[in-house]
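Shown next, in structure tokens, is the structure this report addresses.
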2 protein chains.
Amino acid sequence: MKNIKIHETFFKEYSIKNTRQRSIVLDILDNSKEAKTAEEIFLLAKDIDETISLSTIYRTLTLFVEKKFLIKMSALEENLSKYALNKADHAHYLLCLKCDKRIEVGYCPLSVYEESLKETYNFNIVGHKLEIFGYCQDCQNS
Amino acid sequence: MKNIKIHETFFKEYSIKNTRQRSIVLDILDNSKEAKTAEEIFLLAKDIDETISLSTIYRTLTLFVEKKFLIKMSALEENLSKYALNKADHAHYLLCLKCDKRIEVGYCPLSVYEESLKETYNFNIVGHKLEIFGYCQDCQNS
DNA sequence: GTTAGTGCAAAATCTTTGCATATTT
DNA sequence: AAATATGCAAAGATTTTGCACTAAC
């Protein structure tokens with residue numbers, strides 16, 4: 001069993017127990033450039049701790065998604081879910097057309113979409129810009 | 001068995017055989033405001049033709065996705081795929097940073113994402129703008 | 001008439017759950 | 001010590017496939 005970084009403070013912030021398995025999964029996600037499937041995460045986790053089980057991976061991923069720091073998305077072509085950390089440096093905004101309020105949305109749903117665009121169009125994607133407009137809660141009521 | 005609209009010309013355009021089952025599925029999708037799961041489409045299809053099978057639904061959806069006029073996406077919270085027609089009025093572009101070429105991308109991956117934003121932020125979404133930049137095939141080679 | 005599509009049932013794949021044991025607080 | 005998480009194996013759900021039959025071109 002390899003040593004892994006302990007994410008004690010991080011887990012405390014989200015009021016979840018700090019277990020070895022959760023640290024392993026968080027570590028893997030944190031070191032992933034691309035979104036990963038549960039199976040991929042499981043295989044990487046086994047390199048660190050041979051005894052980890054797939055159900056723990058699923059339970060951990062579900063927990064992280066509930067806590068909203070992990071994003072679950074679909075791999076467009078296959079019937080698989082992929083997971084990626086909701087990194088702070090990748091925010092989008094909801095823009096209210098009435099009061100001009102900006103609401104930050106933590107996560108970005110485009111990673112997997114970009115992968116598929118790369119393949120389909122042979123386009124080397126550097127970045128994207130996403131703006132979503134509509135009416136905020138307050139302005140809907142007035 | 002109800003009468004359904006026949007999409008002969010449409011299917012001819014995409015070089016696929018015009019079958020009753022495919023017309024039913026296309027009709028259902030065309031009349032759907034929201035993306036639908038295979039199961040939902042199956043149940044609606046059974047109202048029109050009691051004998052239609054779930055495997056035909058899956059095979060038809062897979063075909064339509066291959067032909068690129070149907071978009072497959074994930075229902076973020078559940079482990080399900082949803083399908084929605086790639087309507088012409090909803091294109092995005094890949095913008096080349098070197099030669100300023102614009103490449104139209106037919107489909108839009110944001111429908112399901114928007115649904116989830118509506119719920120999370122109680123934000124009434126009217127529209128969005130998505131721009132993707134990078135380098136086109138030609139400019140990568142030079 | 002030939003080629004391709006369909007329905008059914010069975011298989012494959014992905015995900016969740018029950019329960020006894022182990023770990024965390 | 002109490003509460004929660006884990007591993008295993010079994011179950012559940014969704015999707016795919018083989019094959020005989022049927023429909024489309």
Side-chain angles (χ1 to χ4, degrees), chain A residues 1 4 6-28 35-43 45-46 48-67 70 72-83 112, chain B residues 1 4 6-26 28 35-46 48-67 70 72-83 112:
Chain A
M1 262 206 265
I4 47 125
I6 301 300
H7 300 269
E8 218 176 324
T9 323
F10 184 85
F11 288 139
K12 210 163 267 169
E13 238 173 73
Y14 286 94
S15 319
I16 59 186
K17 276 198 185 169
N18 169 28
T19 72
R20 175 176 176 76
Q21 291 85 341
R22 287 172 184 172
S23 272
I24 291 172
V25 172
L26 185 53
D27 243 35
I28 289 168
K36 290 201 159 28
T37 64
E39 185 71 20
E40 286 165 348
I41 294 164
F42 176 52
L43 293 174
K46 284 226 282 198
I48 300 165
D49 175 355
E50 178 63 37
T51 71
I52 202 165
S53 81
L54 185 54
S55 30
T56 295
I57 303 291
Y58 275 110
R59 280 190 276 230
T60 301
L61 292 172
T62 304
L63 175 68
F64 288 4
V65 169
E66 276 166 11
K67 291 294 175 177
L70 185 67
K72 179 178 183 176
M73 46 196 150
S74 91
L76 289 175
E77 313 307 332
E78 307 139 66
N79 290 304
L80 284 172
S81 296
K82 290 199 171 189
Y83 299 84
V112 170
Chain B
M1 266 209 262
I4 47 127
I6 300 301
H7 301 268
E8 218 175 323
T9 322
F10 184 86
F11 288 138
K12 210 163 267 168
E13 235 173 77
Y14 286 94
S15 322
I16 58 185
K17 275 198 185 169
N18 168 27
T19 72
R20 174 176 177 75
Q21 291 84 340
R22 287 173 183 172
S23 273
I24 292 172
V25 173
L26 184 54
I28 289 168
K36 291 202 159 26
T37 64
E39 184 71 21
E40 286 165 348
I41 295 165
F42 177 53
L43 293 175
L44 289 167
K46 286 227 283 196
I48 301 165
D49 175 354
E50 178 62 38
T51 72
I52 202 166
S53 81
L54 184 54
S55 30
T56 294
I57 303 292
Y58 275 110
R59 281 191 275 230
T60 302
L61 293 172
T62 303
L63 175 68
F64 288 4
V65 170
E66 277 166 10
K67 292 293 176 178
L70 185 66
K72 179 176 181 176
M73 47 197 149
S74 89
L76 290 174
E77 312 306 329
E78 308 139 67
N79 291 304
L80 283 172
S81 296
K82 290 199 172 189
Y83 299 85
V112 169

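Chain identifiers are assigned alphabetically (A, B, ...) following the order of the sequence lines, protein sequences preceding nucleic acid strands; residue numbering begins at 1 within each chain.
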Checklist entry - Relative to the 5' end of DNA chain C, which residue comes earlier, Q21(A) or L54(B), by the nucleotide with the nearest heavy atom? => result L54(B)
Item to check | Contact under 4.0 Å: T56(A) side-chain N or O vs dG7(D) OP1/OP2 | outcome: yes
Checklist entry - Can you find a pair of side-chain heavy atoms, one from F64(B) and one from L26(B), that are under 4.5 Å apart? => result yes
Checklist entry - Under 30°, 30 to 60°, or over 60°: which ring-plane class applies to F10(B) and H7(B), parallel, tilted or perpendicular? => result perpendicular
Checklist outcome for this item: Here the pair of heavy atoms bringing S15(B) nearest to K67(B) is O-NZ, 4.4 Å
Checklist outcome for this item: note: F11(A), atom CZ; dT24(C), atom P; distance rounded to Å ~ 12 Å
Checklist outcome for this item: Here the distance between atom P of dT6(D) and atom CG of N18(A), to the nearest Å, is 11 Å
Checklist entry - Under 4.0 Å between a side-chain N or O of T19(A) and OP1 or OP2 of dT6(D)? => result yes
Next on the checklist: Is there a side-chain contact between I48(A) and R20(A) in this structure, where contact means two heavy atoms from C-beta onward sitting under 4.5 Å apart?
Outcome noted: yes
Item to check | Under-3.5 Å donor-acceptor pair between R59(B) side chain and dG7(C) base | outcome: yes
Checklist entry - Under 3.5 Å, is there an N or O donor on one side and an acceptor on the other linking the side chain of S55(B) and the base of dC8(C)? => result yes
Checklist entry - Taking CD1 from I52(A) and C1' from dT23(C), how many angstroms apart are they, rounded to a whole number? => result 14 Å
Item to check | Nucleotide nearest K17(B) (side chain, heavy atoms from C-beta), chosen from dT15(C), dG7(D), dT3(C) | outcome: dT3(C)
Item to check | Value in whole Å for how far the P atom of dG7(C) lies from CD1 of I57(B) | outcome: 8 Å
Checklist entry - Between D49(B) (CG) and dA23(D) (C1'), how many Å, whole number? => result 13 Å
Checklist entry - Which heavy atom in S53(B) sits nearest to a heavy atom in F42(B), and how many Å separate them? => result C-CE1, 3.7 Å
Checklist entry - Mapping I16(B) and Y83(B) onto DNA chain D by nearest heavy atom, which one lands closer to the 5' end? => result Y83(B)
Item to check | Proximal nucleotide (of dT16(D), dT6(D), dT15(D)) relative to the R22(A) side chain | outcome: dT6(D)
Item to check | Contact under 4.0 Å: T51(B) side-chain N or O vs dT6(C) OP1/OP2 | outcome: no
Checklist entry - Rounded to the nearest Å, what distance is computed from the CD1 atom of residue I41(A) to the C1' atom of nucleotide dC14(C)? => result 14 Å
Next on the checklist: Quick check on DNA chain D: between Y58(B) and E8(B), whose nearest nucleotide comes earlier from the 5' end?
Outcome noted: Y58(B)
Checklist entry - Between atom OH in Y14(A) and atom P in dA5(D), what is the gap in whole Å? => result 17 Å
Checklist entry - Rounded to whole angstrom units, what separation is found between the CD1 atom of I24(A) and the C1' atom of dT6(D)? => result 12 Å
Checklist entry - For dT15(C), does OP1 or OP2 lie under 4.0 Å from any side-chain N or O of S81(A)? => result yes
